[in-house]
Amino acid sequence: MTVLSPDVQDALNACYGSLTDQADWATAMQALAVAAGADAACFYAEGAAELRLRFPASPRYQHFLEDFLTGGWWRRDHRALRGWTRLRGGNRFLVEHDLVTDKEREALPVYHDLYSKHDLTWWAAVSFRVGEQDWAMPLLRSEAKGPFGAEARGLLDLTPHLARVVGIGAAMTTAGARDAVDMLEMGQRAAVSVDWSGRCLALNAKAEALLGTDLFVARRRLRATDAASDRQLQALVWAALEARSMAELPPAITIKRSSGLPLVVDAIATPSALGTSGLKLQTILLLTDLAEPARIGTVQLRQIFGFTAAEARLAEQLSAGWTLAESSQHLGLSLETARTQLKTIFVRTGTHRQADLLRLLDRAVRAVGRW
């Protein structure tokens, strides 16, 4: 077993700690960079070039990436184009001169206009695999420190640890995604969580109920049968993933169905999605079936009227159009128990008849929107 230096062990421990506190990622990545003899470091998933600001990075690498992305350099990134091909081919460690000659370094504009500007001209990378996804930890350092040499191959000893960090982060993301969509279901919302690449992490039961011939999941991606609707859906997901603030989130779109009213798809971002850690939950898609009558959920009923859980379930059934007898049967209550609960609901809402209660609940639905 390879013995890691104390600096490397401390840096890895900081990475594990960052899995529960996203704010610590910058410090952890800086510690990894220093331990590896670099000035800057980040994690990077293959295929996520334009989304790299979502992944953990040291402060200096973060600043570099902002220019790298806004300047469009990612579209012609020779290191990524050449590097990933070699990394996938089994060469899990690369340095600058594995990819580019000194003549090319002098000729390529990126060295003068970007790398020199940040004094991060020398590059190395070590890659690792988590599940079916290839990841890398690129390292950058200044011109004065010179190129990474053979001693940097010791970074290969880190790959099992880096894979474990990212793997744990991915597992935590999936668990968090399921919790998020389940909580939205309590509020009567159909929800789908997606990761940094737009793949579905979790769907709640209400979202799964909307899947069928018009909307489906293929290769872990939400797709629409109607071609125009599908283009809009993919553009929505991509725009939501690229958003760096709530103001940049795209407007809702509609999914055409073979019959009946369309589905509405809206995107919301979780707080962590607007941060810098791609190991966190990214974006949630909210699905609204316009053919479904608007109704209010038990969570909102309890918040607004102070109902107990049992009273909220009964009020929810009544607001959906069920009779008291039908509601009691559906909830597994005796009709007498349902009547007792209804009397308490009348007291809490200041109503005296079921018709008055239903009008009040209808106003509550319009006030809070489609839950």
Side-chain angles (χ1 to χ4, degrees), residues 1-22 24-38 40-49 51-58 61-62 65 79-80 82-95 98-99 123-140 148 151-178 194-199 201 220 272 275-282:
M1 180 180 293
T2 303
V3 178
L4 302 176
S5 71
D7 287 347
V8 170
Q9 292 180 32
D10 288 344
L12 288 172
N13 287 338
C15 287
Y16 284 116
S18 298
L19 290 170
T20 55
D21 187 350
Q22 181 183 345
D24 290 342
W25 270 118
T27 301
M29 296 307 296
Q30 182 60 32
L32 268 180
V34 171
C42 74
F43 286 148
Y44 168 31
E46 185 183 11
L51 298 175
R52 286 179 66 176
L53 282 173
R54 290 186 176 273
F55 296 100
S58 63
Y61 214 126
Q62 187 77 11
L65 285 174
R79 287 169 173 168
R82 301 175 187 181
W84 279 117
T85 299
R86 297 192 62 174
L87 291 170
R88 285 195 305 271
N91 192 343
R92 289 294 180 180
F93 172 75
L94 295 171
V95 296
D98 290 327
L99 304 181
W123 174 92
V126 61
S127 71
F128 50 95
R129 194 168 180 83
V130 178
E132 299 179 355
Q133 178 68 54
D134 282 310
W135 288 75
M137 183 178 73
L139 300 165
L140 298 175
F148 291 91
E151 77 285 351
R153 292 191 65 84
L155 291 169
L156 287 169
D157 296 333
L158 294 180
T159 55
H161 303 280
L162 300 179
R164 187 164 184 262
V165 167
V166 173
I168 292 173
M172 292 173 66
T173 294
T174 300
R178 294 190 188 283
V194 297
D195 66 10
W196 60 268
S197 66
R199 295 186 180 93
L201 284 171
R220 292 183 57 199
S272 59
T276 60
S277 174
L279 302 180
K280 300 288 187 178
L281 178 62
Q282 296 298 302

Heavy atoms of Trp123 and Leu99 approach each other most closely as CZ3-CD1, 3.3 Å
Test ring pair (Phe, Tyr, Trp, His ring centres under 6.0 Å), reference Tyr44, set Trp84, Trp196, Tyr61, output is Trp84
Hits for side chain to side chain donor-acceptor pair (under 3.5 Å) against Ser58, two or more places apart or cross-chain, chain-then-number order -> none
So, the side chain of Asn91 versus the backbone of Leu87: is there a donor-acceptor pair under 3.5 Å, distance only?
no
On a heavy-atom basis, the closest approach of Leu94 and Gly83 is CD1-O, 3.6 Å
Item to check | Main-chain N/O of Glu46 paired with Gln133 side-chain donor or acceptor, under 3.5 Å | outcome: yes
- prompt: Hey, does the side chain of Arg86 reach the backbone of Asp98 with a donor-acceptor pair shorter than 3.5 angstrom?
  reply: yes
In terms of relative ring orientation, are Phe128 and Trp135 parallel, tilted or perpendicular, with 30° and 60° separating the classes? parallel
What one should report as the nearest heavy-atom pair of Ala36 and Phe148 is O-CE2, 4.2 Å
message = Any side-chain to backbone donor/acceptor pair from Arg153 onto Leu156? Under 3.5 Å, distance only.
response = no
Handout entry: Atom CZ of Arg164 with >12 non-hydrogen neighbours under 6.0 angstrom
Key = no
Separation between CZ (Arg129) and CG (Leu162), nearest 0.5 Å, reads 16.0 Å
Give the C-alpha distance, both sets of side-chain angles, the deciding distance and a yes or no for side-chain hydrogen bond (donor to acceptor under 3.5 Å, both in side chains) between Asp7 and Ser5. CA-CA 5 Å; Asp7 287 347; Ser5 71; 5.4 Å; no
